[in-house]
There are 2 protein chains.
Amino acid sequence: MITIKEIAKKANVSRGTVDRVIHNRKGVKPEVEALVKAIIDQLEYKTNSAGKLLATKKKPITIGCVVPSIGNDFFLNLISGFNAAYKKYSDYGLTIKVKSIKAYRAEEHLNEIKKMIASGIDALLVTTIIDPCIIRCLNENIDKGLHVACVNTDLPTSKRLFYVGPDYYLSGKTSAGVLTLMSKSKQNILIITGSSSMYGHNERIRGFLDTLEDKGIDYNVEKIMEVEDDEETAYIESSNFLKKHKNEITTIYIVAGGVHGTCKAIKELYLDKISNTYINRPYVLTFDRCLQTNDFIIDGTIDATIGQQPFSQGYKSISKMFHYLAFNHEESYINDEIMDARLIIKENALF
Amino acid sequence: MITIKEIAKKANVSRGTVDRVIHNRKGVKPEVEALVKAIIDQLEYKTNSAGKLLATKKKPITIGCVVPSIGNDFFLNLISGFNAAYKKYSDYGLTIKVKSIKAYRAEEHLNEIKKMIASGIDALLVTTIIDPCIIRCLNENIDKGLHVACVNTDLPTSKRLFYVGPDYYLSGKTSAGVLTLMSKSKQNILIITGSSSMYGHNERIRGFLDTLEDKGIDYNVEKIMEVEDDEETAYIESSNFLKKHKNEITTIYIVAGGVHGTCKAIKELYLDKISNTYINRPYVLTFDRCLQTNDFIIDGTIDATIGQQPFSQGYKSISKMFHYLAFNHEESYINDEIMDARLIIKENALF
DNA sequence: TTGAAAGCGCTAACAG
DNA sequence: CTGTTAGCGCTTTCAA
């Protein structure tokens, strides 16, 4: 294994000088720098992370996280991922601060992001809304030296370092793929979405419908319901709607929250109490895989769900940001990380 | 963060003594040991892995790997996982030796395992056949101090430390789950398996049929073909069989290798050359997700495949074994690691 | 039975 | 512009 010491010996300089070259610090004679760099390349020197981590642990790193996890199991799993990564790197001076907020409120998001930044952090991980004020605020702070990355929801027009999360369009396509496995005939679709201002939700719908189109499936979107992830709203509205259109709807496509409420309505309307089996239930497709969703898959209310690995999203985003900060802001850490669409049906639903 | 130094100060002993206590080394007065242990518990001391890794890198660790990867893409991916983990830990004195062998030959397996052990290794990672001679050989070496773990195929009756790989029964169930999404009517099934002496292959069949049974699907297994992962055999045999039974077979269930050969036969028999679409093609279900399989999913020959993350299997097994060896054989590293059954259809098949 | 000290690879502070 | 040195947490060797 090649160490700084060996490089130094080969170049006839001190370890300090090699260190300076490696970190592009000023104060090295150009020809010495060139020589050292050449040797580094030639010997394929790779920094030893244990050594580095040990030596740098004195200056602590704080990562702030702002996520809309209030009343949302998915984000609680994501936060578990944050915590797991924190646990792994706390030895090396990492601290995290997590702020849970409510979804959909741009103003609240902005406020909490500002508060988090003001509290003094080195980097920010955020799941928020595509909103010009928020993006401006983030960009301003990025210019001032804050390191920002997006988790679960990207802000493509911002100056964020990287994005860790799903490809919403692809997950919508996958959902449609399952539907076409089940049936090739005409579908009358009830779509239950979180909010029409959420990019990810819209993308899931777009991917879904595009794929039906591609596959030559005849379909009609009977209604798009916005329930803002509220289970009670989902229950009442879907219940009312399905009562009126019980035998017309062939597919219920639940894009975000509202799974529990909708499934409750489905059970009431389609489950035969005597045989305890569904009669003419529409196809039911959902996203994510929290405990409740899992129960509905097991009991046969949901045909399939698409998981997006919330835990990994949390874990990877912290881990990437930590490495980025700890290892000299190396570019190799700032690539986006797209989770794959995990298709879950009854048989592989076991946790 | 709690360090050995702090423990030592609190206990009024030297760091050496604390180290001795932590590693249960002899030569510490019982009361001192008790005191130090109490302080460790109280302060919730956790060893700092960077420090440990740095200090122990002098004594190199060699892990030997024996896998039946000859002519098998799946295991090449698994080996990539070995190499990725190796790359990560090579800084800390890890070396790996990988021996590729051919599947199904117990004698060859035994020979190569013996050779690998004789070449001088600290630990062995192996994918092999459930065979009494092999198990005896491994157990003898385990008794002599060799550390052994199973990758991809478990040897439950051996003294191996842990197993990293799929749950074959569950993956078979998942496959049947997809089939029942597509159709509830009677299935006439052609099963193409690797070998009837392979535990995993049998389990996949068992899980598949059990699930059809559970779901009240009427089915008949028309034929079980053993093709020993040979594509040519698969092509010839499936081609011959399907020519005779073209319109009877409703499902082709390919348990192991032979996907390429079988798909070639399917294309020849069912693909309409003019419209370039399938006419009355049976359902086709496979396992794993090598490049060829992926192509057949994209082009519509295969309905679904179940992936078992070969790369992760390789990566995790090396990583677990390395940590186990590097960190005092701590028990926390020797739990089994069961991969989940990844359901892949056309829409989420993109790599 | 215990302590002291050196050293793993790297960084940072200080001295020149 | 460059070298020296101390120290991050841990293990190991030597000495007591």
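Worth knowing before you read on, the calculation uses all heavy atoms, side chains too, and leaves out hydrogens, waters and symmetry mates. In what follows, every chain begins at residue 1, and chains take the letters A, B, ... in the order their sequences are listed. Remember, predicted model here, so these are calculated numbers, not experimental data.
Nearest nucleotide to the side chain of A:T47, out of C:dC10, D:dT11, D:dG9: C:dC10. The side chain of B:T17 approaches C:dT2 more closely than any other nucleotide in the set D:dT2, C:dT2, C:dT11. Checked against D:dC8, D:dG3, D:dT12, the side chain of B:R25 finds its nearest nucleotide in D:dT12. Side-chain proximity of A:T3 to C:dG9, C:dT1, C:dG7: nearest is C:dG9. Nearest to the side-chain atoms of A:A55 among the listed nucleotides C:dT2, C:dT11, D:dG9 stands C:dT11.
Applying the 4.0 Å criterion to OP1 and OP2 of C:dC10, one finds that A:Y45 has a side-chain N or O inside that range. Under 4.0 angstrom from either OP1 or OP2 of C:dG9 there lies no side-chain N or O belonging to A:K46. Side-chain N/O atoms of A:K52 include one lying less than 4.0 angstrom from OP1 or OP2 on C:dT11.
Residues A:K115 and A:E112 form a side-chain contact, since some pair of their non-hydrogen atoms from C-beta on lies under 4.5 Å apart. For the pair A:I101 and A:H109, the minimum side-chain heavy-atom distance is below 4.5 Å. Annotation: side chain of A:V148 is not in contact with side chain of A:S158 (no heavy-atom distance under 4.5 Å).
When each of A:V126, A:I318, A:V151 is tested with A:C65 by the rule side-chain contact (heavy atoms from CB on, under 4.5 Å), just one qualifies, namely A:I318.
Straight-line distance from the CD1 atom of B:I40 to the P atom of D:dC10: 10 Å, rounded to whole Å. Rounding to whole angstrom units, CG of residue A:L54 and P of C:dT11 are separated by 11 Å. Between A:N48 atom CG and D:dC8 atom P there is a gap of 18 Å when expressed in whole angstrom units. The separation between A:L53 atom CG and C:dG9 atom C1' is 12 Å, rounded to whole Å. Atoms NE2 (A:H23) and C1' (C:dG9) sit 12 Å apart, rounded to a whole Å. In this structure, B:K29 places its NZ atom 9 Å from P of C:dT1, rounding to the nearest Å. Atom CD1 in A:I2 sits about 16 Å away from atom C1' in C:dC10, given to the nearest Å. Nucleotide C:dG9 holds its P atom 13 Å from the CD1 atom of A:I22, rounded to whole Å.
Looking at B:K114 and B:N141, their side chains never bring a donor and an acceptor atom within 3.5 Å of each other.
In terms of position on DNA chain D, the residue among B:R20 and B:S49 whose nearest nucleotide sits closer to the 5' end is B:S49. Heavy-atom distances to DNA chain C give each of B:V32 and B:G51 a nearest nucleotide, and the one nearer the 5′ end belongs to B:V32. The 5' end of DNA chain C is approached more closely, in terms of each residue's nearest nucleotide, by A:K5 than by the other of A:G16 and A:K5.
Here B:K26 lies out of heavy-atom contact (under 4.0 Å) with every strand. Contact annotation for B:D19: base contact, defined as any heavy-atom pair under 4.0 Å involving a base atom.
Taking CG of B:L125 as the start and CZ of B:F162 as the end, the distance is 6.0 Å to the nearest 0.5 Å.
In this pair, A:Y315 and A:F311 present their aromatic rings parallel. The plane angle is below 30°, not in the 30 to 60° band.
For the contact set between residues 6-15 of chain B and DNA chain C, defined by any heavy atom under 4.0 Å, the members are B:N12, B:V13, B:S14.
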Inset, instruction - Could you check B:T62 against B:K97 for side chain to side chain contact (heavy atoms under 4.5 Å, CB included), going step by step and ending with a plain yes or no? - result: CA-CA 7 Å; B:T62 304; B:K97 296 181 187 172; 4.0 Å; yes
